[in-house]
Amino acid sequence: MKKIAIIGSGPTGIYTFYSLLNNPSPLSVTVFEQSDEAGVGMPYSDEENSRLMLANIASIEIPPLFITYLDWLRELSESHLARYNVNKATLHDRQFLPRILLGEYFRDRFLTIVEKARQRGFEVEIHESSRVTDLDASESGVMLSVNDEPFPTRFDLAVVATGHVWPDEEESTRSFFPSPWSGLMDAKIPACTVGIMGTSLSGLDAAMAVAIQHGDFVDNRFILDEASRALKITLMSRSGILPEADFYCPLPYEPLSVLTEETVQDEIDKGESGLLDRIYSLMVEELMLADPAWCKEIALHTLTPDTLLEAWYADRKHHDAFRWAEENLKEVEQNKRDKRTVAWRYTILRLHEVVQEIVPHLTDEDRDRFKKGLQRVFIDNYAAIPSQSIRRLLALREAGVIDAVALGNDYQLEVGSTQTTITAGDKVYQFDVYIDARGQKPLKVKDLPFPSLRKLLMTTGEALPEFGEDYTLSAPASIRGRVAFGAIPWLMHDQPFVQGLTECAGVAEAMAKAAERNASGRRRSLPFPED
């Protein structure tokens, strides 16, 4: 049997194993999971989340693992769902539910995949509490070190599905957390001034993790404990803009009319010079066709890839962030009741996936323009958050617990041993506790956690791993087809929107095909070093 190692058993690892079941012949599959329970994944683990934290995806969008998330939920008892304040009678496929509950689904589906694999003649080993500490690939196969000890099996293919990479808990102190996933969930945060860098869902999650230690949400109100009156939470970002509520739209996506996959490929084939501007012109055509009134309102025909972002945020910047959130929530909820789609929002949502295909083909200058402009528009639109998260945010605001601050592009941050100071213009903010919640940062070859693989890839002179369409490393040639690289932080350079579950499933399906064929194609790489 061909021997496959899957390193990591979060969503990417689970969907990879699931796709391997389509292999024409049985395989030997060994799964390594660093936590004590395989098949959950950090974003959905009960160790890293509270029951308040909602998954930012509904059943209708989650790629099924034998059965849909909704069908699985309907098999659970009313009492089990009640533990998460979920009413079985009102379940529906557009509902946003606690992350921990989605983690239960993935764990259950993982165990089902293992069972199905064995029934089909696969050999399966699951190693929990097993951190892969090195990966040494060669023409003859892949050897691993697990918990710093050599693992005896030589694998034909290793699938790297390690998910997000956050700073270790050891980097946290009582007053500083380098991410919300670096010990914050277990930390006791006193009633004090808390600064959170980041106003997206991660920032809101960090705020909830702190707030729930000092009060309770009751009927969309937050009741602050009498002894915690000193608690003041400040969300911060350059713009100070809060995310909007998730909006109603047809799913699966309706096809685009102008900017189709074929059109994008045609533009890519014309060459990198002017590619971003050509694609933007087609975006304008698509939006004009979908919602001419909105296009006229923002004068879209006068905008460029560099100026669209300012117009996108213009109204929100001129309104109080929480007042805007309240009005946006009312609009979104009414649209959901009426099943009304806001055409321009839906068009931007569908555009982000097809436009992403140009990123590896852009010039360095246009790549930077895309990152500063269109990328931020797309992310703001598709990263809309559950309505319940907005309600809780507004409840904290009503209770006088939370505020949002725009720091601008030029601010100074000084993290001290007991207090953090942020200076923005003539304003100075001081915090007893500071949490960096700006999300996953793209990583490069030099950041790889496997010393042997890192050393080998650095000999190529490339700053990023070079891989084929099935994500197997294609350089150096000696290891071609031996390592399928699906670790999110290293994919984000060319695939900035790769972090969702549907994207994970797509990457996983491609990697599973590497079990039966060699690497093909080539993706963009950068000259080494590049910082």
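What you see below is based on every heavy atom in this structure, not just the backbone, and it leaves out hydrogens, waters and symmetry mates.
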- request: Taking ring-ring contact (aromatic ring centres under 6.0 Å, His included) as the test, write out the residues that go with F106, two or more places apart.
  value: Y44

field: Partners passing side-chain hydrogen bond (donor to acceptor under 3.5 Å, both in side chains) against R131 (at least two apart in sequence or in another chain)
entry: Q34

field: R109 side chain to L65 backbone, donor-acceptor under 3.5 Å
entry: yes

query: In terms of side-chain geometry, is the basic nitrogen of D246 or R94 positioned less than 4.0 Å from the acidic oxygen of its partner?
result: no

Within 45° cone and under 6.0 Å: R350 NZ/CZ vs Y346 ring: yes

message: For F247, give me all partners under ring-ring contact (aromatic ring centres under 6.0 Å, His included), at least two apart in sequence or on another chain.
response: none

Heavy-atom neighbours of K336 NZ exceed 12 at 6.0 Å: yes

query: What pairs with R83 under side-chain hydrogen bond (donor to acceptor under 3.5 Å, both in side chains), at least two apart in sequence or on another chain?
result: H80

message: Test of understanding: with salt bridge (Lys or Arg N to Asp or Glu O under 4.0 Å), list the residues that count as partners of E226, not counting sequence neighbours.
response: R229

- request: Could you verify whether a donor N or O on one side chain and an acceptor N or O on the other, from D205 and S202, lie under 3.5 Å apart?
  value: no

- request: Please identify each residue that fulfils salt bridge (Lys or Arg N to Asp or Glu O under 4.0 Å) with K88, with sequence neighbours left out.
  value: none

Residues in salt bridge (Lys or Arg N to Asp or Glu O under 4.0 Å) contact with E286, at least two apart in sequence or another chain: none

- prompt: Counting N and O atoms only, with roles assigned by atom type, does the side chain of D225 sit under 3.5 Å from a partner on the main chain of S228, one being a donor and the other an acceptor?
  reply: no

- request: Using modelled atom types only, decide if a donor and an acceptor are shared between the side chain of S19 and the backbone of Y15 within a distance under 3.5 Å.
  value: yes

message: Is it the case that the side chains of Y248 and E333 hold a donor-acceptor pair, with the cut-off being a distance below 3.5 Å and no angle test?
response: no

message: The criterion is ring-ring contact (aromatic ring centres under 6.0 Å, His included); which residues satisfy it with W312, sequence neighbours excluded?
response: W344

query: How would you list, by chain and number, every residue that makes a ring-ring contact (aromatic ring centres under 6.0 Å, His included) with H127, sequence neighbours excluded?
result: F32, F151

Identify every side-chain donor-acceptor pair in residues 189-201 under 3.5 Å, counting partners at least two apart or on other chains, and give the distances.
unit_1 : atom_1 : unit_2 : atom_2 : d
T193   : OG1    : D432   : N      : 2.9
T193   : OG1    : D432   : OD2    : 2.9
T199   : OG1    : S237   : OG     : 3.4
T199   : OG1    : I241   : O      : 2.8

- prompt: Got a sec, which pairs hit salt bridge (charged side-chain N to carboxylate O under 4.0 Å, His left out) with one end in residues 161-190, sequence neighbours left out?
  reply: none

In a table with atom names and distances, give each donor-acceptor pair under 3.5 Å that connects a side chain of residues 421-430 to protein atoms at least two apart or in another chain.
none

